[in-house]
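Have a look at the structure below before the remarks.
Excluded from the calculations below are hydrogen atoms, water molecules and symmetry mates; all remaining heavy atoms, backbone and side chain alike, are included.
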Amino acid sequence: MNITTLDFQVLDWIQLHLQCAFLDWLMPKITVLGNGGVIWIIIAVVLVCHRKTRCIGLTMGTGMLCGLALGNGILKNLVQRDRPCWIRSVELLIAMPEDYSFPLGHTLSSFIAATVLFQYNRKAGIAAYALAISIAFSRIYLYVHFPSDVLFAVAFGILIGILVNHAGKKDDAKNAKIPSIFFFEKYLRKYLIFSFKCIIIKKVIIRHRTK
């Protein structure tokens with residue numbers, strides 16, 4: 001039994017035992033909060049606007065940009081995993097997504113942001129984790145991601161959140177005015193260039209196979 005088979009068993013169980021009119025109404029609204037990391041971007045911007053919380057907002061932004069570069073920029077194009085709704089014909093409650101399934105961008109950005117917040121303020125972090133879990137579950141409930149996509153994104157998001165926060169604190173200890181930004185800028189260009197090369201290589205391989 002492979003991982004995709006287990007994923008479908010979990011998805012089918014959710015559809016059979018948890019699907020109801022209330023969740024059909026609620027889940028699309030929750031998932032919108034994670035579209036493009038919009039809710040976390042808004043929170044980061046608000047934090048940056050206040051001097052006392054500027055470090056937190058900048059660290060959140062840095063982490064989410066790292067997640068975007070690594071997750072959407074590199075891993076999605078390397079793994080190219082089909083979504084469950086592409087494999088099985090189901091009636092979706094939201095528009096059919098067009099990008100690949102792995103890793104889950106909604107969950108990745110959510111857990112990066114929540115992890116950064118949690119390390120600065122436990123109460124705010126717990127609330128952020130609750131929202132992040134809700135967004136992650138919505139993607140499974142709506143049948144647009146596999147559970148294993150979610151689990152990887154949770155673990156990867158927490159890891160990135162811890163790393164950028166650690167980098168931010170090191171910069172702060174050196175009296176840097178903008179923590180972790182220099183750490184991010186140093187490597188982002190390499191990530192994006194590598195991601196672009198991966199996309200080009202994939203397209204060349206696909207063209208070669210179709211000839």
Quiz item: Is there a side-chain contact between Q19 and M27, using heavy atoms and a 4.5 Å cut-off?
Solution: no
Quiz prompt | Heavy-atom neighbours of K29 NZ exceed 12 at 6.0 Å | solution = yes
Quiz prompt | Side-chain touch M64/V164, heavy atoms, less than 4.5 angstrom | solution = no
Practice problem: Indicate if I135 and W25 have the same hydrophobic cluster label, given that clusters are the connected sets of ILVMFWY residues with side-chain heavy-atom separations under 4.5 angstrom. | Solution: yes
Quiz item: Roughly how far apart are I158 CD1 and L163 CG, rounded to 0.5 Å?
Solution: 12.0 Å
Practice problem: Assess whether side chain to side chain contact (heavy atoms under 4.5 Å, CB included) is satisfied between F137 and I30, documenting all intermediate values. | Solution: CA-CA 9 Å; F137 176 74; I30 289 178; over 6 Å; no
Quiz item: Is any side-chain heavy atom of L18 closer than 4.5 Å to a side-chain heavy atom of W13?
Solution: yes
Practice problem: Could you tell me whether a side-chain N or O of W86 sits under 3.5 Å from a main-chain N or O of Y100, the two making a donor and an acceptor? | Solution: no
Quiz prompt | Value rounded to 0.5 Å, distance of CG in N165 from CD1 in I112 | solution = 12.5 Å
Quiz item: Side chains of L68 and S109: closer than 4.5 Å at any heavy-atom pair?
Solution: no
Quiz item: With sequence neighbours left out, what residues match R81 under salt bridge (Lys or Arg N to Asp or Glu O under 4.0 Å)?
Solution: D7, D149
Self-check item: Shared hydrophobic cluster, V32 / F22 (ILVMFWY, side-chain heavy atoms < 4.5 Å)
Solution: no
Quiz item: For L117 and I56, which heavy atoms make the closest approach, and how far apart are they?
Solution: CD2-CG2, 3.9 Å
Quiz prompt | Atom pair CG/CG of N77 and D99 - distance to nearest 0.5 Å | solution = 9.0 Å
Quiz prompt | E91 and Y143, any side-chain heavy atoms less than 4.5 Å apart | solution = no
Practice problem: To the nearest 0.5 angstrom, please state how far the CG atom of L131 sits from the OH atom of Y129. | Solution: 13.0 Å
Quiz item: Should T53 and Y120 count as side-chain neighbours, where that means a heavy-atom distance under 4.5 Å?
Solution: no
Quiz item: Going by heavy atoms in the side chains, are I160 and L70 under 4.5 Å from each other?
Solution: yes
Quiz prompt | Common cluster, L16/L11, ILVMFWY with side-chain heavy-atom separation under 4.5 Å | solution = no
Cut-off 3.5 Å, no hydrogens considered: what does the side-chain donor-acceptor table look like for residues 34-50, sequence neighbours left out?
{"residue": "N35", "atom": "OD1", "partner": "H106", "partner atom": "NE2", "Å": "2.6"}
{"residue": "W40", "atom": "NE1", "partner": "S110", "partner atom": "OG", "Å": "2.8"}

Quiz item: Any side-chain heavy atom of Y141 sitting closer than 4.5 Å to one from T31?
Solution: no
Quiz item: Can you name the closest pair of heavy atoms from V90 and C85 and give their distance?
Solution: CG2-CB, 4.1 Å
Exercise. State yes or no: do V79 and L151 share one hydrophobic cluster built from I, L, V, M, F, W and Y residues joined by side-chain heavy-atom distances below 4.5 Å, directly or via other members?
Key: no
Quiz item: Shortest non-hydrogen contact from Q119 to G161?
Solution: NE2-O, 3.4 Å
Quiz prompt | Partners passing side chain to side chain contact (heavy atoms under 4.5 Å, CB included) against I87 (at least two apart in sequence or in another chain) | solution = F8, D82, F146
Quiz item: Taking all atoms of both residues into account, what is the closest heavy-atom pair of T115 and G157, and its distance?
Solution: OG1-O, 4.3 Å
Quiz prompt | Spacing of CG belonging to L93 relative to OG belonging to S138, to within rounding of 0.5 Å | solution = 11.0 Å
Quiz prompt | Separation between CZ of F111 and CG of L159, rounded to the nearest 0.5 Å | solution = 14.0 Å
